[in-house]
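Report on the structure given below.
Note on naming: letters A, B, ... go to the chains in the order of the sequence lines (proteins, then strands), and numbering restarts at 1 for each one.
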There are 2 protein chains.
Amino acid sequence: MSDEQLVATVRHFNRSVTQRVGALDDAYLTRGRPLAQARLLWEIGPAGAEIAALRTRLNLDAGYLSRLLRTLEGDGLVMVGSADGDGRVRTARLTAAGRAEWDVLDRLSDELAWSILAPLSESQRARLAGAMAEVERLLMASLVELQPCHPGDPRARACLRAYARELDRRFDGGFDPARSGMDDEELVPPNGLFLVATLSAEPVGCGALRLHPGGPAEIKRVWVSESVRGLGVGRRIMGELEQRASAAGADTVRLDTNRTLTEAIRLYRTSGYHEIPAYNDNPYAHHWFAKPLDPAAAPPL
Amino acid sequence: MSDEQLVATVRHFNRSVTQRVGALDDAYLTRGRPLAQARLLWEIGPAGAEIAALRTRLNLDAGYLSRLLRTLEGDGLVMVGSADGDGRVRTARLTAAGRAEWDVLDRLSDELAWSILAPLSESQRARLAGAMAEVERLLMASLVELQPCHPGDPRARACLRAYARELDRRFDGGFDPARSGMDDEELVPPNGLFLVATLSAEPVGCGALRLHPGGPAEIKRVWVSESVRGLGVGRRIMGELEQRASAAGADTVRLDTNRTLTEAIRLYRTSGYHEIPAYNDNPYAHHWFAKPLDPAAAPPL
DNA sequence: TCATATAGCTGACTTTAGTCAGGTAACCAG
DNA sequence: CTGGTTACCTGACTAAAGTCAGCTATATGA
């Protein structure tokens, strides 16, 4: 398919599917309540939710949200109480009546989904579900955003914790972050940089670059969350780091890795990296890779 | 996949894809204008549109639509004039400024689509577009509604005209509706019935049933529009007619067909019909089929 | 302990969306 | 040419959505 055809397909999909199904959904799942209230009730869910979380998830004005909560409280569907830790943070929970209402919405949501499947034949149903899952997955991949951030940023901290946890689980003999110590300051311009990958504001991956003026740049701490693995996020992070390394004047990037990280090693090999002799004494490293950078292919960002 | 898994997939899709992409679309394509105005401007399009058509397409109240048009006229984007034929029918057209604005929306729509494709690899793009097209097609199939209507209904007339046009094109020697004449009254309960298939209120297919108390029912005038062929609509129409025949007490349905309608013949054969000797002297018929009905499988509707 | 920041709340708005009951002009069938 | 229909318009609403400034209570860091 040509790019024009791809774009036309996506446009068509956006209009027809999005609008039609979206309208169906809204009409069906509000139960006479205003849409905003219904959505809020749904989003609070049986487990309850912090108000700040609701605000970001539904992208609502603080005042507006507060008012919506008062209405739901007035209807006896929701209770808002202070959380244990911080007295400013408040948590919304469903009352028994609210939970009953939520269960109805849950059931209606099932019915709506079934009403879409029902007119189709067995094989069409399977194809539809398969295609929907594929669209969702790839759209997820497309909505992952890469941006530089300070390694001390809460999103970066979350990624680095998950990274260390995973290495500890996978390395023979575990992983001690202290032994591969690297100061945050080394991952801040002009010494280096830290990239975080987010999916609707949730951190789902990271990667860091250490710049050594006059020598090869070094890629470190590339990690991708389970939830988005297999969507090419790792490859995008690598590509972005390489571009930035090139823009900063490096003509080579290199990295080290542990033999247990087989999918990472595969990624390096298929991305133009070749194995080189050890260039450091990282106790966790078994393989060292390098890739020459083509300055022409790396327009400054 | 089990039914539960299918439903879960569809629900997930509805929430994440529909809402996310829908919100993106709306935010991106309104250009500071209220959503309803932006949609209306878009829907009028470079070719202009009759107001009645806009009303049904956008599903708007007549008064509300009128007011929206006045606003767009006030902004110099649209002109509303009477159509040539009927002085009551009015047509909305874009002014030069309106056309310019429409072009911007068109471009933005392309950009939005591209922004979804851009972060993906070549092969992911192709897979996404493929899956989107599949979802759209199957959703279309699912949104086709079957309902009985009077053969004099405008939707029925439109289908029957298209049906006759197609037969005339395909039969050796053409087709003259008069020679296969059947009175509308024969296709109205209790003598028979007429089904129309609609996709968002547009007629896209039809089928008729002629009841002969004490004898086999007869299926006639099954037609499916090009736009939804291959989506199983024909099979659904047949199934629905058979159920209604069974509910009306028939134990057999039969039908005749022309040898040029190969895909119809294939449909009959794969739906449990077997060829029988001629039971009428329809000059256009080359094959006659019958299917026994199982009363247990046909719950009254 | 005091200044400052954070999390949420309230009141006073504006804008958008949507509905409904009349209207008027054009058409149409007898 | 008359009475009914159709296609659209206007005025007068209501409800929902969204914005903004200023407020209170709690936390935090020097």
Side-chain angles (χ1 to χ4, degrees), chain A residues 19 22-23 26-27 29-44 48-75 77-93 152-154 201, chain B residues 19 22-23 26-27 29-44 48-75 77-93 152-154 201:
Chain A
Q19 281 185 20
D26 291 347
L29 298 179
T30 51
R31 305 238 308 141
R33 228 182 294 283
L35 184 56
Q37 277 179 45
R39 274 214 244 269
L40 177 54
L41 183 68
W42 176 258
E43 210 60 46
I44 292 170
E50 291 193 356
I51 291 188
L54 294 170
R55 206 165 46 226
T56 56
R57 256 190 282 168
L58 294 167
N59 195 23
L60 293 174
D61 171 87
Y64 186 27
L65 173 58
S66 186
R67 208 177 316 281
L68 288 172
L69 284 168
R70 291 301 84 70
T71 311
L72 290 177
E73 265 186 331
D75 293 350
L77 299 169
V78 163
M79 281 166 32
V80 176
S82 287
D84 302 334
D86 188 328
R88 292 166 304 182
V89 175
R90 312 238 294 154
T91 305
R93 300 190 175 289
D153 183 289
Chain B
Q19 281 186 19
D26 290 347
L29 298 179
T30 52
R31 305 239 306 145
R33 228 180 294 283
L35 185 56
Q37 277 180 44
R39 274 214 243 269
L40 177 54
L41 183 67
W42 176 258
E43 210 60 45
I44 291 171
E50 292 193 356
I51 291 186
L54 293 170
R55 205 163 49 225
T56 57
R57 256 190 284 169
L58 293 167
N59 194 24
L60 292 175
D61 172 86
Y64 185 27
L65 173 58
S66 186
R67 209 178 315 282
L68 288 171
L69 284 168
R70 292 299 86 70
T71 310
L72 290 176
E73 265 186 330
D75 293 350
L77 299 168
V78 163
M79 280 167 33
V80 176
S82 287
D84 303 334
D86 189 329
R88 294 166 303 180
V89 175
R90 311 239 292 156
T91 305
R93 300 190 175 288
D153 183 290

**Item:** Residue-phosphate contact under 4.0 Å: A/R90 side-chain N/O, C/dC9 OP1/OP2
**Value:** yes
**Asked** Excluding sequence neighbours, so at least two apart, what forms side-chain contact (heavy atoms from CB on, under 4.5 Å) with B/R31?
**Response** B/E101, B/V104, B/L105, B/L108
**Request:** Looking at every strand, decide which applies to B/A62 at a 4.0 Å heavy-atom threshold: base, sugar-phosphate, or nothing.
**Result:** nothing
**Message:** Let me spell it out: for each of B/L68 and B/G63, pick the nucleotide of DNA chain C with the closest heavy atom. Which residue's pick is nearer the 5' end?
**Reply:** B/L68
**Request:** Looking at every strand, decide which applies to A/L65 at a 4.0 Å heavy-atom threshold: base, sugar-phosphate, or nothing.
**Result:** nothing
**Message:** If you assign each of B/A52 and A/R88 to its closest nucleotide in DNA chain D, which residue comes earlier from the 5' end?
**Reply:** B/A52
**Item:** Interatomic distance, B/Y64 OH vs C/dT16 C1' [rounded to whole Å]
**Value:** 6 Å
**Request:** Ignoring the backbone of B/S66, work out which of C/dC9, C/dA26, D/dC9 is nearest its side chain.
**Result:** D/dC9
**Prompt:** Side chain of B/V89: nearest nucleotide among C/dG8, D/dT10, D/dA7?
**Reply:** D/dA7
**Asked** Is there a donor and acceptor pair, one atom on the side chain of B/R67 and one on the base of C/dG18, closer than 3.5 Å?
**Response** no
**Request:** Give B/D61 one of three labels, base, sugar-phosphate or nothing, depending on what nucleic acid heavy atoms sit under 4.0 Å from its own.
**Result:** base
**Request:** Respond yes when some side-chain nitrogen or oxygen of B/R33 is under 4.0 Å from OP1 or OP2 of C/dT16, and no when none is.
**Result:** no
**Message:** Let me spell it out: for each of A/Q37 and A/G87, pick the nucleotide of DNA chain D with the closest heavy atom. Which residue's pick is nearer the 5' end?
**Reply:** A/Q37
